[in-house]
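To start, the structure under review is shown below, and the notes come after it.
Bear in mind the structure is a predicted one, so any value in this text is a computation, not a measurement. Numbering starts at 1 and runs along the sequence shown. All values below were derived from every heavy atom in this structure, side-chain atoms included, with hydrogens, water molecules and symmetry-related copies excluded.
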Amino acid sequence: MINADRLWKNLLDIGEIGKNPDGGITRLAFTKEDRQAIKMVEALMKEAGLAVHEDEVGNLIGRKEGEDSNAPAVLIGSHLDSVFNGGIFDGSLGVLAGIEVLQSMKENGISTKHPIEVYVFRDEEGCRFNFSLLGSRGMSGTLKLENLEYRDNEGISLAEAMKSCGMNPKEFFKASRRPDEIKAYLELHVEQGKVLECENLQVGVVTGIASSLRLMVTVTGKADHAGATPMNLRFDALAAAAQIIGVVEKETRATKSAVGTVGQIHAYPGGINIIPGRVEFTVDLRDVSIKVAQQLEKSILSQAEDICTQRGLKLEVDFLQRVPPAPCSPEIIDTIAESCRELGIKELHLPSGAGHDAMQVVNLCPIGMIFVRSQNGISHHPAEWSTPEDCTAGAKVLYQTVLKLAE
């Protein structure tokens, strides 16, 4: 029911788009590499007999009509954009497996009551503009006009990037869907962790997705001479930032469930012999419990304020992104688990610490996710790898689940 060789070939082929010398993938949103990947997938959709169009935020959508064209659609989705120097499976596996499901259905003459759509969501990672889940926000109606003013490192706004791809950013609202149009959403994705590998299992059934909070923290002190300024007369922004970063790690570890990351830091003016007068750094906090996430945020920001007050520094915190936890539908969880059992695949129920487009689609309809084992738990890295056998197992579970949901 699944052409494993075709799925694997398509994965390797799309892995050549945006490939770096070390084997990693850089395919940022609205770049020529991103557009090239979109064109390749568009051709695959048409080959599978799907009606294809692109919506007002750049999502590529392929639709297979059902016997009842007025019935709500079952959606399969993921993304094609990457992080800087990422792997070939993140996002791409979900898109290509979705197309493979519909290609196989076409070849086997299988029809369903409900229409089925494959969504390629634009800019899921958010690496270029520090704003993730663009396409799924647009589709779920949570995107705002001011979000399109986020800029990349070259000063290009998201709106300008969309225009360069032939879109009209002011019409972004037209990409939104109504809840009565969609029955369910499914997403197949590599786990990006080690749980399945440690349990020696191919496939996982996701129970929910952790919340995501992204902050830009700015500490402002006073730049001064590194040799002539005594330690007790310094207003060192970097020393304070280091303390705050330590708090992020300490408080996150104490929860036993949350994760916290400082992924970017910039010190100004940046001279080896100058006390830093201003420091900017990002904070990424995640937890599957909204209560734990809120308590963690409150504790970290309170201590950061105390640190800066004690040192005579100014603290500013900009909220770049706040996405609540997204629970998966119990009914879809059961359906995925049943599909696993029918295929003789032992499944494990587990949460997702990583964010996915499903976090936005949950605003419209019930969601479900299927994980595929990641070798050594590595992701967002050139060494990201899942075996052909594991990818095929995940695609088979997706196939069975789609048939059940689409009736």
Side-chain angles (χ1 to χ4, degrees), residues 27-31 34 38 53-61 73 75-83 90-91 94-95 117-152 156-165 167-182 184-187 189 208-216 282 284-286 290 293 318-328 352 354-369:
R27 205 160 54 219
L28 306 186
F30 303 110
T31 60
D34 181 39
I38 290 286
H53 76 280
E54 192 172 288
D55 69 14
E56 288 76 10
V57 294
N59 296 325
L60 185 70
I61 306 159
L75 270 54
I76 309 168
S78 202
H79 62 98
L80 294 176
D81 65 295
S82 77
V83 298
D90 183 355
V95 169
E117 297 179 10
V118 177
Y119 254 83
V120 180
F121 289 112
R122 214 65 176 266
D123 200 0
E124 187 265 4
E125 296 289 1
C127 284
R128 182 177 175 186
F129 301 97
N130 280 327
F131 179 72
S132 65
L133 308 174
L134 168 74
S136 49
R137 289 176 193 269
M139 175 261 213
S140 62
T142 59
L143 186 65
K144 299 177 181 178
L145 184 60
E146 55 264 32
N147 299 147
L148 305 184
E149 294 308 312
Y150 284 96
R151 295 182 180 272
D152 65 12
I156 299 171
S157 72
L158 183 46
E160 291 166 344
M162 291 171 69
K163 286 180 182 178
S164 73
C165 293
M167 284 174 263
N168 182 352
K170 293 181 180 179
E171 295 187 343
F172 73 92
F173 59 91
K174 293 182 179 179
S176 63
R177 301 286 295 270
R178 300 190 316 272
D180 62 356
E181 296 179 315
I182 306 170
Y185 172 78
L186 289 169
E187 186 165 351
H189 207 281
I209 307 169
S211 62
S212 175
L213 174 65
R214 291 183 180 181
L215 310 173
M216 177 63 76
T282 59
D284 182 309
L285 301 174
R286 309 185 192 205
I290 189 64
D318 293 322
F319 291 81
L320 303 178
Q321 173 175 294
R322 185 190 295 276
V323 182
C328 290
S352 173
H356 303 283
D357 288 302
M359 299 178 77
Q360 291 296 319
V361 186
V362 74
N363 293 301
L364 286 177
C365 67
I367 63 168
M369 287 196 68

- Query: Do you know which two heavy atoms are closest between L143 and L148, and how far apart they sit?
  - Reply: CD2-CD2, 4.1 Å
- Message: I want to check something: taking the side chain as every heavy atom from C-beta on, are E160 and R151 in contact at a cut-off of under 4.5 Å?
- Response: yes
- Note on the structure: So NZ of K144 and CD of E149: to nearest 0.5 Å the spacing works out to 15.0 Å
- Roughly how far, to the nearest 0.5 Å, is CD of E181 from OG of S176? 8.5 Å
- Message: Quick one, N147 with L158, criterion side chain to side chain contact (heavy atoms under 4.5 Å, CB included). Give me CA distance, side-chain angles, the key distance, then yes/no.
- Response: CA-CA 8 Å; N147 299 147; L158 183 46; 5.6 Å; no
- Message: Quick check: closest heavy atoms across E56 and M162, and the distance to 0.1 Å?
- Response: O-CE, 3.7 Å
- Side chain to side chain, D90 and H189, heavy atoms closer than 4.5 Å: yes
- Residue pair T31 / D81, side-chain heavy-atom distance below 4.5 Å: no
- Query: Are S132 and R214 close enough that some pair of their side-chain heavy atoms sits under 4.5 Å apart?
  - Reply: yes
- Note on the structure: Closest non-hydrogen contact found for A184 with C365 is C-SG, 3.9 Å
- Task: Work out which heavy atom in I367 is nearest to a heavy atom in A358; give both atom names and the distance.
- Result: CD1-O, 3.7 Å
- Is the distance between the ring centroids of Y119 and F121 less than 6.0 Å? yes
- Quick one: do M139 and V57 satisfy side chain to side chain contact (heavy atoms under 4.5 Å, CB included)? Show the steps, please. CA-CA 8 Å; M139 175 261 213; V57 294; 6.0 Å; no
- Message: Can you give me the closest heavy-atom contact between A293 and S211, atom names plus distance?
- Response: CB-OG, 3.5 Å
- Per side chain to side chain donor-acceptor pair (under 3.5 Å), D34 is matched among R122, R128, H79 by R122
- To the nearest 0.5 angstrom, please state how far the CG atom of N130 sits from the OG1 atom of T282. 7.5 Å
- For S82 and L28 the tightest heavy-atom approach is O-CD2, 3.5 Å
- Message: Please check: side-chain N/O of S352 versus main-chain N/O of I209, any donor-acceptor pairing under 3.5 Å?
- Response: no
- Item | Of N59, D357, T142, the residue whose pairing with S136 passes side chain to side chain donor-acceptor pair (under 3.5 Å) | D357
- Gap between atom CZ of R177 and atom CG of N363 - 0.5 Å precision: 14.5 Å
- Query: Tell me, do V323 and Q360 make a side-chain contact under 4.5 Å, heavy atoms counted?
  - Reply: yes
- Message: Between F173 and L145, is the side chain to side chain contact (heavy atoms under 4.5 Å, CB included) condition met? List the steps.
- Response: CA-CA 9 Å; F173 59 91; L145 184 60; over 6 Å; no
- Message: Donor-acceptor check, side chain of R286 to backbone of A210, threshold 3.5 angstrom: yes or no?
- Response: no
- Hey, what do you get for CG (L80) to CG (D123), rounding to the nearest 0.5 Å? 12.0 Å
- Message: Is any side-chain heavy atom of F30 closer than 4.5 Å to one of L134?
- Response: yes
- Query: Is the side chain of D318 donor-acceptor paired with the backbone N or O of M216 at a distance under 3.5 Å, no angle test?
  - Reply: no
- Message: Looking at G91, is its backbone amide N or carbonyl O close enough to the side chain of S78 to form a donor-acceptor pair, meaning the two atoms are under 3.5 Å apart?
- Response: yes
- Query: Between CG of L75 and CG of L186, what distance do you get to the nearest 0.5 Å?
  - Reply: 9.0 Å
- Take E54 and I38, measure what side chain to side chain contact (heavy atoms under 4.5 Å, CB included) needs, and give me the verdict at the end. CA-CA 10 Å; E54 192 172 288; I38 290 286; 4.2 Å; yes
